[in-house]
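First the structure, in the form of structure tokens, and then the observations on it.
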Amino acid sequence: MTGANNFSVSGYGPERARWTRVFARDGLARRLDWPILLSATALSLIGTALVYSATRNRTEINQGDPYYFLLRHLMNTGIGFALMIGTIWLGHRTLRTAVPILYGISVFLVLLVLTPLGATVNGAHAWIVFGGGFSLQPSEFVKITIILGMAMLLAARVDAGDKPYPDHRTVAQALGLAAVPILIVLLMPDLGSVMVMVIIVLGVLLASGSSNRWVFGLIGAGALGAVAVWQLHILDEYQINRFAAFANPDLDPAGVGYNTNQARIAIGSGGLTGAGLFHGSQTTGQFVPEQQTDFVFTVAGEELGFIGAGLIIVLLGVFLWRACRIARETTELYGTIVAAGIIAWFAFQSFENIGMTLGIMPVAGLPLPFVSYGGSSMFAVWVAVGLLQSIRVQRPISA
């Protein structure tokens, strides 16, 4: 059953045949969004240099090998790139049919974190350690399955031409689908990931054309939920301390406020052009904790200065701009929702990561997309790139 745009929900039909002919004529290279691909690649390469600078002298974590994190970051980026290619090859429409399986796997994995298989890394009990140096943070992949799952439900009847926008029952089902993994992640507790997931849900609802009552209701429910989490003492002590340090930066500068104070010192010392790559005194002196992951932006601020740090922000801006264009140009609601969910995810996570290094946001343990070290986060963001490229490559077009 097709809608006004002669688009089949399953991805087949006249529109699919038209797309196949044009794609065969133009080739993949002409259909890709190159600004997105190049900006993501540039961010990953910049991140490689920053991760190496932050870890080459840290013998307590690099196992005595200055290239340990450099090589692993390059490997993670390579695997992520391969996952992007695989996602483009499968296509977002094919993944739409696999959503129940992907959703079940992601929920199962986050549940495993709550079992003895779960491990605490840097204060967050959000990991599964398999041994051999391999670990997995399932919440990173839950972000993707929430986007795909909600998009599948909200767009089904609209793309089929049955309704102009999702009805209340469909929205409730989509919110229920998202609530299950979010609540499990909250129990870990991984508050940073929960914040991102809530923003994703808001972005998806706004893009779907759902009633604004749902959006305002979700915001109100989020506020009440935050109060309940605080009152029920769900948060761990280190998470409470992070909010306390954000509210009062001068609180215990040698303890809970140490990370943010050192981060601001590192960024402030960079000036316009920075101290030069590998020459930052704060970075070389190992004053900023977790500098290869959560606080990688401080390396850019200190060693590359305002110009280098600004370049990272510009590249993120280019990525988001092109993602917005993809969301606007696709004629299928499913593709629009998926792109909007990715935009909400990347925009908030980037703002939170950079903001916490500047002291304008609380420390939430979120990586900077493409730049921070971490396998799970790198794999997830490159899968997101593949979804965006698939939406652009397979967008309905005229013959």
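FYI, side chains are in, hydrogens and waters are out, and symmetry mates aren't considered; it's all heavy atoms of this structure.
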(message) Main chain of Leu71, side chain of His73: is a donor-acceptor contact present, judged purely on distance under 3.5 Å?
(response) no
(message) Can you tell me which residue among Tyr68, Phe278, Phe69 is in a ring pair (Phe, Tyr, Trp, His ring centres under 6.0 Å) with Tyr52?
(response) Phe278
(message) Looking only at the side chains, is there a donor atom on one of Glu302 and Thr283 sitting less than 3.5 Å from an acceptor on the other?
(response) yes
(message) With clusters defined by side-chain heavy atoms of hydrophobic residues (ILVMFWY) lying less than 4.5 Å apart, directly or transitively, does Val314 cluster with Leu272?
(response) no
(message) Nearest 0.5 Å, please: how far is CG in Leu37 from CZ in Phe319?
(response) 10.0 Å
(message) Are the side chains of Thr284 and His279 in contact, using a 4.5 Å heavy-atom criterion?
(response) no
(request) Answer yes or no: is there a side-chain heavy-atom contact under 4.5 Å between Phe81 and Ile85? (result) yes
(request) Please tell me if the side chains of Pro166 and Val158 come closer than 4.5 Å, counting only heavy atoms from C-beta onward. (result) yes
(request) Identify whether Ile313 and Leu311 are in the same connected component of the hydrophobic contact network (ILVMFWY, side-chain heavy atoms under 4.5 Å). (result) yes
(message) Working to the nearest 0.5 angstrom, can you tell me the gap between Ser281 OG and Ile265 CD1?
(response) 10.0 Å
(request) Test Phe295 against every option in Thr357, Asn353, Ile267 by the side-chain contact (heavy atoms from CB on, under 4.5 Å) rule and name the one that passes. (result) Thr357
(request) Compute whether any side-chain donor of one residue and acceptor of the other, for Glu332 and His92, lie under 3.5 angstrom apart. (result) yes
(request) Drop me the distance from Glu60's CD to Thr55's OG1, to the nearest 0.5 angstrom. (result) 10.0 Å
(message) To check you understand the geometry: which heavy-atom pair defines the closest contact between Leu316 and Pro369, and what is its length?
(response) CD2-O, 4.4 Å
(message) Testing the basics here: between Leu315 and Ala42, what is the closest heavy-atom pair and its distance to 0.1 Å?
(response) CD1-CB, 3.9 Å
(message) Would you compute the distance between atom OG of Ser39 and atom CH2 of Trp321 and round it to the nearest 0.5 angstrom?
(response) 10.0 Å
(request) Take Tyr103 and Leu177 through the side-chain contact (heavy atoms from CB on, under 4.5 Å) test and state the conclusion after the steps. (result) CA-CA 9 Å; Tyr103 180 80; Leu177 177 144; 3.6 Å; yes
(message) Would a single hydrophobic cluster contain both Leu45 and Leu50, if residues Ile, Leu, Val, Met, Phe, Trp and Tyr are joined by side-chain heavy-atom contacts under 4.5 Å?
(response) no
(message) Using every non-hydrogen atom in the two residues, find where Val299 and Ala54 come nearest and quote the distance to one decimal.
(response) CG2-CB, 4.0 Å
(request) Using modelled atom types only, decide if a donor and an acceptor are shared between the side chain of Ser350 and the backbone of Phe346 within a distance under 3.5 Å. (result) yes
(message) Apply side chain to side chain donor-acceptor pair (under 3.5 Å) to residues Tyr67 and Arg56 and explain how you reach the verdict.
(response) CA-CA 6 Å; Tyr67 301 105; Arg56 61 196 177 95; over 6 Å; no
(request) Determine yes or no for a side-chain-to-main-chain donor-acceptor pair under 3.5 angstrom, with Thr48 supplying the side chain and Ser44 the backbone. (result) yes
(message) Can you tell me how far apart CD1 (Ile36) and OG1 (Thr41) are? Round to the nearest 0.5 Å.
(response) 11.5 Å
(message) Would you say Gln291 and Thr298 are linked by a side-chain donor-acceptor pair, where the criterion is simply a distance under 3.5 Å?
(response) yes
(message) Test side-chain contact (heavy atoms from CB on, under 4.5 Å) on Ile147 and Trp345; report intermediate values, then the result.
(response) CA-CA 10 Å; Ile147 292 172; Trp345 165 15; 3.9 Å; yes
(message) If you define the side chain from C-beta out and look only at heavy atoms, does anything of Thr293 sit under 4.5 Å from Pro367?
(response) no
(message) Quick one, Met356 and Leu366 - any side-chain contact, counting heavy atoms below 4.5 Å?
(response) no
(request) Verify, without hydrogens or angle tests, whether Asp190 (side chain) and Ala126 (backbone) share a donor-acceptor contact under 3.5 angstrom. (result) no
(request) For Arg157, enumerate each residue passing the salt bridge (Lys or Arg N to Asp or Glu O under 4.0 Å) test, keeping only those at least two apart in sequence or located in another chain. (result) Asp167
(message) I'd like to know if Leu148 and Ile105 are part of one continuous hydrophobic network [Ile/Leu/Val/Met/Phe/Trp/Tyr, side-chain heavy atoms within less than 4.5 Å].
(response) yes
(request) State, with a plain yes or no, whether a side-chain heavy atom of Leu154 is found less than 4.5 Å away from one of Gln173. (result) no
(request) For the pair His168 and Ser211, evaluate side-chain contact (heavy atoms from CB on, under 4.5 Å) and give the outcome as yes or no after the intermediate values. (result) CA-CA 8 Å; His168 292 304; Ser211 171; 3.9 Å; yes
(message) For a quick test of reading the model, state the closest non-hydrogen atom pair linking Gly203 to Ala340 and the distance between them.
(response) O-CB, 4.1 Å
(request) Consider only side-chain heavy atoms of I, L, V, M, F, W and Y, link residues closer than 4.5 Å, and tell whether Met197 and Ile219 are in one cluster. (result) yes
(request) Would you confirm whether Asp294, through its side chain, and Glu290, through its main-chain N or O, come within 3.5 Å as a donor-acceptor pair? (result) no
(request) Would you check if the side chain of Gln389 reaches a backbone N or O of Asp33 as a donor-acceptor pair within less than 3.5 Å? (result) yes
(message) Determine whether Phe379 and Glu140 satisfy the following criterion, side-chain contact (heavy atoms from CB on, under 4.5 Å), listing intermediate values before the conclusion.
(response) CA-CA 9 Å; Phe379 302 158; Glu140 290 293 334; over 6 Å; no
(request) Working to the nearest 0.5 Å, report the span between CG of Leu102 and CD1 of Ile146. (result) 13.0 Å
(request) Find out whether Phe141 and Val383 are in side-chain contact, i.e. whether some heavy atom of one side chain is under 4.5 Å from a heavy atom of the other. (result) no
(message) Show the nearest heavy-atom pair for residues Arg264 and Gly359, with the distance to one decimal.
(response) NH1-CA, 3.6 Å
(request) Output yes when a side-chain donor or acceptor of Thr87 lies under 3.5 Å from a complementary backbone atom of Gly386, and no otherwise. (result) no
(message) Pair Ser53, Glu303 - check side chain to side chain donor-acceptor pair (under 3.5 Å), show working.
(response) CA-CA 9 Å; Ser53 180; Glu303 299 189 344; 2.8 Å; yes
(request) Say whether Gln282 and Ser269, considering side chains only, have a donor N or O and an acceptor N or O under 3.5 Å apart. (result) no
(message) Does Arg96 qualify as a cation-pi partner of Tyr334, given the criterion of NZ or CZ under 6.0 Å from the six-membered ring centre and within 45 degrees of its axis?
(response) yes
(message) Looking at Ile88, is its backbone amide N or carbonyl O close enough to the side chain of Ser390 to form a donor-acceptor pair, meaning the two atoms are under 3.5 Å apart?
(response) no
(request) Work out which heavy atom in Gly341 is nearest to a heavy atom in Ile200; give both atom names and the distance. (result) O-CG1, 3.9 Å
(request) Would you check if Tyr373 and Asn76 make a side-chain contact, meaning some heavy-atom pair closer than 4.5 Å? (result) yes
(message) Would you say CD1 of Ile101 has more than 12 non-hydrogen atoms from neighbouring residues, nucleotides or ligands within 6.0 angstrom?
(response) no
